[in-house]
Asker: 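What follows is a single structure, and I will ask about it in a moment.
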Number of protein chains: 2
Amino acid sequence: MFAEHTADPDHAAARTPHSQETWPDDIPHPCETWPDNGRGFRETLDRIGDKWSVLVIGLLSQGPLRFGMLHQRVPGISQRMLTLTLRHLERDGIVSRTAYAEVPPRVEYELTALGESLRATVYALARWVTDHNDEIETARHHYDTR
Amino acid sequence: MFAEHTADPDHAAARTPHSQETWPDDIPHPCETWPDNGRGFRETLDRIGDKWSVLVIGLLSQGPLRFGMLHQRVPGISQRMLTLTLRHLERDGIVSRTAYAEVPPRVEYELTALGESLRATVYALARWVTDHNDEIETARHHYDTR
DNA sequence: CAGCATCCAGCCCGATACTG
DNA sequence: CAGTATCGGGCTGGATGCTG
């Protein structure tokens with residue numbers, strides 16, 4: 001499959017005539033790193049792009065929170081999705097989970113150092129969306145009603 | 001539904017005792033803007049987070065490209081998904097589409113000014129992932145084998 | 001060449017019920 | 001309180017075939 005445009009196995013490696021002009025040199029271009037379908041890069045972008053992660057990161061950037069608090073403060077999230085989101089973020093080393101052996105049980109989630117470093121990027125993203133939201137809304141309306 | 005934690009209809013508005021400390025003041029906190037499930041913010045994040053958009057934006061940031069070229073250079077994308085991705089980006093005003101009345105037809109895609117402004121953010125994201133990919137891989141491996 | 005239409009598999013995610 | 005288990009609908013996205 002995909003024979004149409006991957007007939008040459010060295011296709012990706014051989015694709016050099018148009019060497020990057022504007023893409024920063026020190027960042028591997030996505031298309032060089034993603035042919036192996038699903039490795040790191042993609043997986044990480046999924047985490048950032050998924051429905052709840054950014055919300056959770058945003059909340060945790062204000063300090064540690066318990067499961068229940070997160071559940072309250074992320075509007076509309078289900079227990080299941082909160083659990084999954086936290087597990088994923090934990091797996092990626094972005095949040096840490098601390099369970100206290102008490103009754104009733106208490107579990108606190110907190111950004112790790114890695115998570116903290118992600119914060120700036122999340123802010124940048126949020127800022128871009130905020131700054132350009134009007135333009136986007138306008139563009140969408142224009143597109144939908146043309 | 002969600003009666004458990006949305007018994008108070010003014011819940012979101014009334015939720016002020018923990019005013020933001022670290023979230024930048026000039027950026028509306030996601031949790032304030034997303035209760036209305038699916039409006040702008042979310043929709044835009046979806047665009048950035050989805051499987052192909054960032055790839056396409058990355059390629060177009062190097063200059064205009066025709067449909068076929070994009071199809072070649074984004075490894076593994078199907079015609080359908082490329083079309084859908086481009087339509088979405090076009091709708092959001094990030095990409096412009098120019099069809100030339102020739103035979104065979106030629107269609108060129110290009111970043112708009114808005115798209116250009118997004119580029120910096122995409123770079124920031126790519127940079128973060130690049131810079132921290134090792135940590136993430138390590139964390140994942142640790143998590144998976146613990 | 002560019003792309004739409006159709007079909008269909010798989011998974012994402014929400015609802016619900018149950019546990020340590 | 002902080003989860004896990006299970007079920008099922010809907011949407012995502014891939015394959016294929018057909019048009020201007």
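Order of the sequence lines sets the chain letters (A, B, ...), proteins ahead of strands, with each chain counted from 1.
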Asker: To the nearest Å, give me how far apart NZ (A/K51) and C1' (C/dC11) are.
Answerer: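 For the pair A/K51 NZ and C/dC11 C1', the rounded distance is 14 Å.
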Asker: May I have the distance from A/W52 (atom CH2) to C/dC12 (atom C1'), rounded to whole angstrom?
Answerer: 13 Å
Asker: So if you build clusters from Ile, Leu, Val, Met, Phe, Trp, Tyr with side-chain heavy-atom gaps below 4.5 Å, do A/I136 and A/Y143 land together?
Answerer: no
Asker: Return the set of residues passing ring-ring contact (aromatic ring centres under 6.0 Å, His included) with A/H88 (not counting sequence neighbours), or none when no residue passes.
Answerer: none
Asker: Would you say that A/V56 contacts A/Y109 through its side chain, given a criterion of any heavy-atom pair below 4.5 Å between the two side chains?
Answerer: no
Asker: Please produce a list of atom pairs where a protein N or O lies less than 3.5 Å from an N or O of nucleotides 2-7 of chain D.
Answerer:
{"unit_1": "D/dA2", "atom_1": "OP1", "unit_2": "A/R66", "atom_2": "NE", "d": "3.0"}
{"unit_1": "D/dA2", "atom_1": "OP1", "unit_2": "A/R66", "atom_2": "NH2", "d": "3.0"}
{"unit_1": "D/dA2", "atom_1": "OP1", "unit_2": "A/V107", "atom_2": "N", "d": "3.4"}
{"unit_1": "D/dA2", "atom_1": "OP2", "unit_2": "A/G68", "atom_2": "N", "d": "2.8"}
{"unit_1": "D/dG3", "atom_1": "OP1", "unit_2": "A/R87", "atom_2": "NH2", "d": "3.1"}
{"unit_1": "D/dG3", "atom_1": "OP1", "unit_2": "A/R97", "atom_2": "NH1", "d": "2.2"}
{"unit_1": "D/dG3", "atom_1": "OP2", "unit_2": "A/Y109", "atom_2": "OH", "d": "2.6"}
{"unit_1": "D/dG3", "atom_1": "N7", "unit_2": "A/Q79", "atom_2": "OE1", "d": "3.0"}
{"unit_1": "D/dG3", "atom_1": "N7", "unit_2": "A/Q79", "atom_2": "NE2", "d": "3.2"}
{"unit_1": "D/dG3", "atom_1": "O6", "unit_2": "A/Q79", "atom_2": "OE1", "d": "3.3"}

Asker: Atom CG of B/L84 and atom P of C/dA5: how far apart are they, to the nearest Å?
Answerer: 11 Å
Asker: Can you measure A/L70 atom CG to D/dC1 atom P for me and round it to whole angstrom units?
Answerer: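 Roughly 14 Å, once rounded to whole Å.
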Asker: Would a 4.5 Å heavy-atom cut-off, applied to side chains only, mark B/L89 and B/T85 as touching?
Answerer: yes
Asker: Could you give the NE2-to-C1' distance, from B/H71 to C/dA2, as a whole number of Å?
Answerer: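 Nearest whole value for this atom pair: 11 Å.
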Asker: Nearest whole Å is fine: how far is D/dC11 P from B/H88 NE2?
Answerer: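 B/H88 atom NE2 is separated from D/dC11 atom P by 13 Å.
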Asker: Apply salt bridge (Lys or Arg N to Asp or Glu O under 4.0 Å) to B/R91 and list each qualifying residue two or more places apart in sequence or on a separate chain.
Answerer: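 Partners of B/R91 under the salt bridge (Lys or Arg N to Asp or Glu O under 4.0 Å) test: A/D144, B/E43.
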Asker: Just the rounded figure in Å: distance from C1' of D/dG10 to CE of A/M81.
Answerer: 14 Å
Asker: Distance check, rounded to the nearest 0.5 Å: A/R97 atom CZ versus A/T112 atom OG1?
Answerer: 15.5 Å
Asker: Just how far, in rounded Å, is P of C/dG14 from CG of A/L82?
Answerer: 11 Å
